Engineer: 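What follows is a structure written as C-alpha cells; I'll ask about it next.
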Amino acid sequence: MTRQKIQIKKIDNIAARQVTFSKRRRGLFKKAHELATLCDADIALIVFSASGKLFDYSSSSMHELLGRHNKLPEVNNFCQPLSQQMEKSVCANLREEFAAKNKELRHMKGEELEELGIEELKQLEKLLEIGLNRVLETKDEKFLKEIDAVKEKEALLMKENQRLRNRVRALNRDEQEQQAVGVGGSSLGSKSITSNSSSSPNPSSQDCDDISLKLGL
C-alpha cells in the first residue's frame with residue numbers, strides 16, 4: 001500500500017494541530033542533528049509555536065552561529081525585506097489564529113454548531129464538561145469559605161453575647177447587695193430609737209410621785 005499524501009494546509013482541529021506540531025518539530029530537530037553530524041555543518045534552528053513558546057536546536061554555540069549569521073553582508077542586505085515578509089507572515093498568522101479563536105468561542109457558546117462533525121461535537125462536549133466541573137468546584141469552594149466565615153462570625157457574636165450577660169448579672173448582683181446594705185442600716189436605726197424611748201423615764205409619772213410626796217400621801 002502506498003502512503004497517502006497529506007494536503008499541506010492549516011489544521012483546524014486544535015488538538016490535532018498541537019500533536020502534529022510536536023511530532024514534526026521532533027522530526028525537524030532530528031533531521032537537523034543528522035545533517036550536522038553527517039556533513040559536519042553548523043546548524044542553528046529556532047522555532048516558535050503558535051502560542052509563542054520557543055524551541056531551538058544548535059550543533060554548537062547558538063550565540064556564535066547567530067553572530068556569524070549577522071556578520072554576513074548578503075544577509076544584512078536582505079534583512080529589511082525579510083523582516084517585512086516576516087511581519088506580514090506573523091500578522092497573517094495572528095489574524096488566522098484570532099479568527100479560529102473567535103470561531104471556537106462561538107462554538108462553546110452553542111453557536112454555528114451545524115458545521116461541526118460528530119467527533120468535533122464530542123470533543124466540544126468534553127471541553128464544556130471539563131469547564132463546567134471547574135466552575136462547580138470553584139463555586140463550592142467559595143460557598144464553603146462563606147459558610148466558614150459566617151460560622152466564625154457567629155462564634156464571635158455568641159462569645160460577645162455571653163460576656164454581656166455575665167456583665168449584666170454582675171451589675172444586678174452588685175445592686176442587690178447595695179439594697180440589702182441600705183435596708184439593714186435603716187432597721188438598725190429604728191431599733192436604736194425604740195430602745196432609747198423605752199429606757200427614758202416617763203416625766204408625767206415622775207411629777208405625780210413628787211406631788212404625792214409633798215401631800216404626805
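Quantities reported herein were computed from a predicted structural model and do not represent experimental measurements.
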Engineer: Looking only at heavy atoms, which two atoms of A100 and K10 are closest? And how far apart?
Structural biologist: CB-NZ, 4.4 Å

Engineer: Determine the minimum heavy-atom distance between R17 and D12, stating which atoms define it.
Structural biologist: NH2-O, 3.4 Å

Engineer: Membership question, hydrophobic clusters at under 4.5 Å side-chain separation (ILVMFWY): are L128 and L121 in the same one?
Structural biologist: yes

Engineer: Over all heavy atoms of both residues, which pair between A36 and I43 is shortest? Give the atoms and the distance, please.
Structural biologist: N-CD1, 3.6 Å

Engineer: Run the salt-bridge test on K126 and E129 with the 4.0 Å N-O cut-off and return the result as yes or no.
Structural biologist: no

Engineer: Run the side-chain contact (heavy atoms from CB on, under 4.5 Å) test on F143 and K139 for me, step by step, so that the C-alpha distance in whole Å, both residues' side-chain angles and the decisive distance to 0.1 Å come before the verdict.
Structural biologist: CA-CA 6 Å; F143 276 152; K139 184 182 71 173; 3.7 Å; yes

Engineer: Rounded at 0.5 Å granularity, tell me how far OG in S61 sits from CZ in R68.
Structural biologist: 10.5 Å

Engineer: Within this structure, what is the CZ-CZ distance for the pair R173 and R169, rounded to the nearest 0.5 Å?
Structural biologist: 9.0 Å

Engineer: Check this for me: L164, atom CG, are more than 12 non-hydrogen atoms of other residues, nucleotides or ligands nearer than 6.0 Å?
Structural biologist: yes

Engineer: With rounding to the nearest 0.5 angstrom, report the CZ to CG distance, R25 to L28.
Structural biologist: 9.5 Å

Engineer: Would you confirm whether N161, through its side chain, and L157, through its main-chain N or O, come within 3.5 Å as a donor-acceptor pair?
Structural biologist: no

Engineer: E160 and R163: salt bridge (charged side-chain N to carboxylate O under 4.0 Å, His left out), yes or no, with the steps?
Structural biologist: CA-CA 5 Å; E160 182 66 17; R163 187 183 67 82; 2.4 Å; yes

Engineer: With a 6.0 Å cut-off (strictly less than), is the heavy-atom count around CD of E64, excluding the residue itself, greater than 12?
Structural biologist: no

Engineer: How far does CG of L45 sit from CG of L35, to the nearest 0.5 angstrom?
Structural biologist: 11.0 Å

Engineer: Mark yes when over 12 heavy atoms from residues, nucleotides or ligands other than D174 sit less than 6.0 Å from its CG; otherwise mark no.
Structural biologist: yes

Engineer: Can you name the closest pair of heavy atoms from I14 and E104 and give their distance?
Structural biologist: CD1-OE1, 2.7 Å

Engineer: Decide side-chain contact (heavy atoms from CB on, under 4.5 Å) for F21 and I11; before the verdict, give the C-alpha distance in whole Å, the side-chain angles of both, and the deciding distance to 0.1 Å.
Structural biologist: CA-CA 10 Å; F21 173 78; I11 301 174; over 6 Å; no

Engineer: Measure the OG-CG distance between S58 and L66 for me, rounded to the nearest 0.5 Å.
Structural biologist: 8.5 Å

Engineer: Any side-chain donor paired with an acceptor under 3.5 Å for R134 and T138?
Structural biologist: no

Engineer: Testing the basics here: between M62 and Y57, what is the closest heavy-atom pair and its distance to 0.1 Å?
Structural biologist: CE-O, 3.6 Å

Engineer: With a sphere of 6.0 Å drawn around CZ of R106, does it hold more than 12 non-hydrogen atoms of other residues, nucleotides or ligands?
Structural biologist: yes

Engineer: Taking atom CD of E154 as the centre, does the number of heavy atoms from other residues, nucleotides or ligands within less than 6.0 Å exceed 12?
Structural biologist: no

Engineer: Quiz question: by atom type and distance under 3.5 Å, do the side chains of Q123 and N13 form a donor-acceptor pair?
Structural biologist: yes

